[in-house]
Amino acid sequence: MAKSKNTNPEHSEGPVAKTIENQTAKLPSDLFLWSALGSMAVSLFLQAQGDRERSLFVGQWAAPFLILGLYNKLVKLEGND
């Protein structure tokens, strides 16, 4: 599949964003899914141990992991500029 050119040259990625996107595209998408599930499992364990504050803290990591996974997938499918 050929990369499409940026149709709006006014809004292009900087060198740091391009580097980050190129590096994160190398990570498997499963990594983010397993990280989210792992954080939920650790949260459940902490909740069972009675450590409510840490359980809530770790449990909130699932959503950012899943969002990072979506970002990773978009970079793989669409690429950058």
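Note: hydrogens, waters and symmetry copies are ignored here, and every other heavy atom, side chains too, is used. The first residue in the sequence is number 1, and the count goes up from there.
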Inset, instruction - Give every residue pair that meets the salt bridge (Lys or Arg N to Asp or Glu O under 4.0 Å) criterion with at least one member in residues 25-51, sequence neighbours excluded. - result: D51-R54
Give a yes or no answer on whether the side chain of [X] reaches the backbone of [Y] with a donor-acceptor pair at less than 3.5 Å.
X	Y	answer
S39	G59	no
S43	S55	yes
N72	L27	yes
N22	K18	yes

Legend entry - same_hphob_cluster(L66, L31) at 4.5 Å side-chain heavy-atom cutoff: no
Legend entry - Atom pair CG (L44) and CD (Q47), whose distance is rounded to the nearest 0.5 Å: 8.0 Å
Inset, instruction - Rounded to the nearest 0.5 Å, what's the gap from OG on S29 to CG on L70? Could you check? - result: 9.5 Å
Inset, instruction - Please name the pair of heavy atoms, one in A62 and one in M40, separated by the smallest distance, quoted to 0.1 Å. - result: CB-CG, 3.9 Å
Legend entry - For F65 against F32, the heavy-atom pair lying closest together: O-CB, 3.5 Å
Legend entry - Sequence-distant partners of W61, ring-ring contact (aromatic ring centres under 6.0 Å, His included), two or more places apart: F57
